[in-house]
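Report on the following structure.
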Amino acid sequence: MATRSLDALPLIVIVGPTASGKTALAIELAKQYNGEIICADSRTVYREMNIGTAKPTVEEQSGVPHWGLGLVRPDEKFTAADFKGYAEQKMREIRQRGHIPFIVGGTGLYVDAVVFDYSFGEEADQDRRAEFEKMTLERLHKYCTNNNIKLPENKLNKRYVIRAIEQNGQPTSRNSEPISTSIIVGIATDKDVLRTRIAGRIEQLFDDGVVDEASMLGKKYGWETAAMTGNIYPLIHEYLEGSMSLSELKEKSTTVDWRLAKRQLTWLRRNPHIYWASLDEARDYLSERLASL
RNA sequence: GCAGGGGUAGUGAAGCGGUCAAACACAACAGACUGUAAAUCUGUCGGCAUAUGCCUUCGCAAGUUCGAAUCUUGCCCCCUGUA
């Protein structure tokens, strides 16, 4: 096959809030149309974090190749830039096999990094960052003025100010249009339905043994790693220390997941290139597009 | 029954005569966000109104006071101790 036709293979992008059902839909379609799935999820990249991140099991993957799962240890660093590089590599490989890449996930930044071809600034120097973290916001602002560094949009967010300093005013860029071969679908879910689904999934996680998994991870890697900051892990930590009951834990986990879903939707909403559809509509729409290739 | 503590906005919880529509936390809602993104940050949050504006609130009722969430009395609930 010529390179041109390989590039012409579409990139299917399925986004949506947590528990919207995007993963199951992607698997179904990928199976049917020779797809391979790249998970754009900042938590499932970690190994050993299976239950708590609702990582699809081998059975659930049902023969469809999945990429981006278990890439690093929970105590290792993984960034959006890492994801972008990884995903682009995988997309090439998948297309070389004549298959269709599906990017599926709830981490909007990861998805956009690929879809809008972000160019990232300089990687952070950890020692230097630690120094900046000791400073107050006020001092950081002063540092920026003194060094002629433009403050970020959200200048009250210390992390962003530090990042601006690290990038030293270097401009970053992104395309205004999604890469040409992409078909982006967002799973639109009624709020009440989504809430119910989230509560149901939390229940499932506990049945599957998240507490044991989290306990093991906490012992092995500590509770402070970036990987363990994900919503339910800190809660399980508190529970294990006896500061809340199991029912309280489940309730708070649901709340925290709901808040995640809200933030995900806020991110996605500003992308005008998303075709929003219910799960069924999305299936029909994508089937049609894929069948006509 | 007696002694003591308490009932404050969706929840928890400050306030204990004026500067109180009432701190703070959580939830809720909206938003920002390119190398931590399941992270981090911002705004709103009694009602109405674009506004330094009006209206209705601090268990219920009646008082004291120029003025009460804050003091008094009665009533209704709750918790702790004790008969």
Side-chain angles (χ1 to χ4, degrees), chain A residues 15-20 39-46 49 51-55 72 74-87 105-126 128-130 132-133 137 140-141 150-176 191-192 195 198 201-202 205 210 214 217 224-238 244 248 251-271:
Chain A
V15 293
T18 188
S20 59
C39 300
D41 186 311
S42 71
R43 296 297 127 167
T44 56
V45 296
Y46 295 111
M49 301 176 76
I51 303 167
T53 62
K55 199 182 282 179
V72 296
D75 56 351
E76 285 179 293
K77 204 148 257 131
F78 190 86
T79 68
D82 293 331
F83 176 79
K84 189 194 179 216
Y86 175 86
T107 305
L109 176 62
Y110 286 13
V111 174
D112 286 0
V114 175
V115 171
F116 292 101
D117 193 23
Y118 280 23
S119 70
F120 288 93
E122 205 146 307
E123 195 175 344
D125 176 280
Q126 292 310 310
R128 208 166 157 240
R129 175 174 286 186
F132 287 129
E133 270 163 0
L137 228 202
L140 288 167
H141 281 176
K150 196 174 72 206
L151 288 172
E153 321 280 329
N154 190 346
K155 62 181 182 197
L156 294 178
N157 191 335
K158 194 170 172 183
R159 255 179 214 190
Y160 291 7
V161 176
I162 292 175
R163 191 83 262 275
I165 295 170
E166 287 170 351
Q167 296 191 112
N168 200 23
Q170 285 178 317
T172 55
S173 71
R174 55 163 276 168
N175 295 155
S176 55
K191 278 194 170 181
D192 291 335
R195 245 196 148 115
I198 287 173
R201 199 184 58 186
I202 288 292
L205 298 187
V210 236
L217 290 164
E224 306 307 320
T225 61
M228 296 294 276
T229 58
N231 41 346
I232 68 170
Y233 292 102
L235 291 173
I236 295 177
H237 186 202
E238 285 180 53
M244 67 172 98
E248 231 178 320
E251 201 184 311
K252 286 191 176 175
S253 300
T254 306
T255 297
V256 124
D257 247 14
W258 171 248
R259 286 160 59 81
L260 164 64
K262 298 263 310 285
R263 261 177 287 132
Q264 290 174 312
L265 286 167
T266 299
W267 177 282
L268 295 171
R269 237 177 256 142
R270 64 181 186 171
N271 180 349

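First the proteins, then the strands, lettered A, B, ... as listed; each starts at 1.
Shown here, B/C2 forms a base pair with B/G81; the pair counts as Watson-Crick or G-U wobble because both key distances fall under 3.5 Å. Using Watson-Crick or G-U wobble geometry with both donor-acceptor distances under 3.5 Å, B/A32 finds its partner in B/U40. In this structure B/G53 sits in a base pair with B/C48, meeting the Watson-Crick or G-U test at under 3.5 Å. Pair check for B/G10 finds B/C26; Watson-Crick or G-U wobble, both atom distances under 3.5 Å.
Looking at heavy-atom distances under 4.0 Å, A/G52 makes contact with a base. In this structure, A/D112 reaches neither bases nor backbone, as no heavy-atom distance under 4.0 Å exists between it and the strands shown. Looking at heavy-atom distances under 4.0 Å, A/D41 makes contact with a base. Counting non-hydrogen atoms under 4.0 angstrom, A/R129 reaches a base of the nucleic acid. Residue A/F116 is out of contact with every strand shown, counting any heavy-atom pair closer than 4.0 Å. Residue contacts for A/K191: at a heavy-atom cut-off of 4.0 Å it reaches the sugar-phosphate backbone alone, with no base atom in range. At the heavy-atom level, A/L156 lies under 4.0 Å from the strands shown only through sugar-phosphate atoms. Looking at heavy-atom distances under 4.0 Å, A/T18 makes no contact with the nucleic acid at all. As judged by a 4.0 angstrom heavy-atom cut-off over every strand, A/R259 is placed among residues touching the sugar-phosphate backbone only.
Summarising the geometry, the separation between OH on A/Y160 and C1' on B/U34 is reported as 9 Å, rounded to the nearest angstrom. Atom CG in A/L137 sits roughly 15 Å away from atom P in B/U40 (whole-Å rounding).
At the phosphate of B/U40, neither OP1 nor OP2 sits under 4.0 Å from any side-chain N or O atom of A/R163. Applying the 4.0 Å criterion to OP1 and OP2 of B/C29, one finds that A/W258 has a side-chain N or O inside that range. Remark: A/R263 is not in phosphate contact with B/G31, judged by side-chain N or O atoms under 4.0 Å from OP1 or OP2.
You'll find the side chain of A/T53 stays beyond 4.5 Å of the side chain of A/D41, heavy atoms only.
Using a cut-off of 4.0 Å between Lys/Arg side-chain N and Asp/Glu carboxylate O, A/E166 and A/R129 are scored as salt-bridged.
Residues A/T79 and A/D82 have side chains that bring a donor and an acceptor to within less than 3.5 angstrom of each other.
Along RNA chain B, the nucleotide nearest A/T229 and the nucleotide nearest A/R174 are compared for position; the residue whose nucleotide lies closer to the 5' end is A/R174.
Classified by interplanar angle (parallel below 30°, tilted 30° to 60°, perpendicular above 60°), the ring pair A/Y110/A/F83 is parallel.
When every heavy atom of A/H141 is checked against every heavy atom of A/K155, the shortest pair comes out as NE2-O, 2.8 Å.
Side-chain atoms of A/R159 and base atoms of B/U36 include a donor and an acceptor less than 3.5 Å apart.
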